[in-house]
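The first residue in the sequence is number 1, and the count goes up from there. Since we're looking at a predicted model, the values are computed, not measured. Numbering of ligands and ligand atoms starts at 1, following listing order.
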Amino acid sequence: MELTAEQIDRAEGVLLGTAAGDALGAGYEFTHPGPDVVIDMIGGGTFDWAPGEWTDDTSMAIAVAKGAAEAGALHEEAGLNAVAAEFVSWWDSKPPDVGFQTGQVLQWRSPTGREMQVRAHDLGGLKAGNGSLMRTAPVALAYLDDPEHCMKAAAVVSSLTHYDPQAMQACKLWSWAIRHAVLHGTYDGVREGLSSVDAGFWAPLLDTAENGGPEDFPKNGWVVHALQTAWWAITNTDDLPAALELAVRAGGDTDTTAAIAGGLLGARWGASAIPERWRGLLNGYPGYRADDLVALTHRIISR
Ligand SMILES: [Mg+2]
């Protein structure tokens with residue numbers, strides 16, 4: 001697909017925005033920063049991150065992106081196998097911060113996507129965590145010319161670890177929004193995407209996010225409240241840095257809510273909207289810096 005310079009900037013913003021939100025929130029995870037706390041890429045936090053270092057959210061998004069760069073279609077067997085293999089490689093690097101649900105699946109080191117899906121499906125009693133929504137952003141990059149299969153891919157990539165209708169629908173909705181934002185530079189895709197999910201469930205949740213506050217969606221380790229926190233931060237601010245800061249200020253799973261917001265913010269405002277200083281600080285698994293995220297993006301969109 002032939003992209004304009006503006007669309008390329010916005011495509012580059014998807015992974016960079018994810019990483020920027022993740023690294024900004026990393027130092028505040030599981031806290032509720034008060035109004036006097038300065039929000040910056042300070043690192044630290046539960047896992048003692050380096051300043052500008054991203055966490056599992058971006059590392060797993062990179063795994064999805066690498067699968068897309070290698071195999072193209074993620075809704076097909078080869079693509080899903082490629083992502084599964086990248087997840088196992090990341091697991092084998094012994095990351096400090098594997099989400100509980102994700103760890104329950106990846107510990108089996110499944111050799112195929114199908115087998116990983118079955119492991120996820122067979123997990124009993126777990127709630128719909130935010131661990132697949134946090135890494136869904138790059139799915140959109142692989143399907144800029146194919147909305148139908150984008151939805152299918154968002155659901156199956158979620159199901160590798162989060163085989164849950166709420167998680168899969170959240171990934172579909174957000175991936176639709178990101179794809180639309182890259183192509184058109186608006187957030188209209190958030191509401192348009194309701195056509196691909198249970199709109200009766202999701203539409204009121206979006207209303208609450210736009211008109212309410214973090215007290216209305218406090219359990220943001222849950223995929224539903226995580227999506228609401230991200231959408232609240234986006235719709236209650238005017239630019240990318242302010243929205244990421246607000247997502248962090250909501251507290252709780254700050255790196256993840258800001259990473260989720262960052263994927264859509266980057267798709268809407270482009271790589272050029274990410275402050276240069278942040279861009280210079282970004283780093284993380286697998287030894288990448290900001291320019292590596294841009295190069296990986298180009299491998300996907302030029303396929
Ligand atoms: Mg994280």
**Student:** Can any side-chain N or O of Asp9 pair as donor or acceptor with the backbone N or O of Ala5 at less than 3.5 Å?
**Tutor:** no
**Student:** Among protein atoms, how many N/O/S atoms lie less than 2.8 Å from the Mg ion (ligand 1)?
**Tutor:** 4
**Student:** Is the backbone N or O of Arg119 less than 3.5 Å from a side-chain atom of Asp122, with the two atoms forming a donor-acceptor pair by type?
**Tutor:** no
**Student:** Do side-chain atoms of Thr136 reach the backbone of Leu133 as a donor and acceptor pair under 3.5 angstrom?
**Tutor:** no
**Student:** Would a distance-only check, ignoring hydrogens and angles, find a side-chain to backbone donor-acceptor pair under 3.5 Å from Asn283 to Arg289?
**Tutor:** no
**Student:** Is a donor on one side and an acceptor on the other found under 3.5 Å between the side chain of Thr208 and the backbone of Pro204?
**Tutor:** yes
**Student:** Under the 6.0 Å and 45° cation-pi test, does Arg268 pair with Tyr187?
**Tutor:** yes
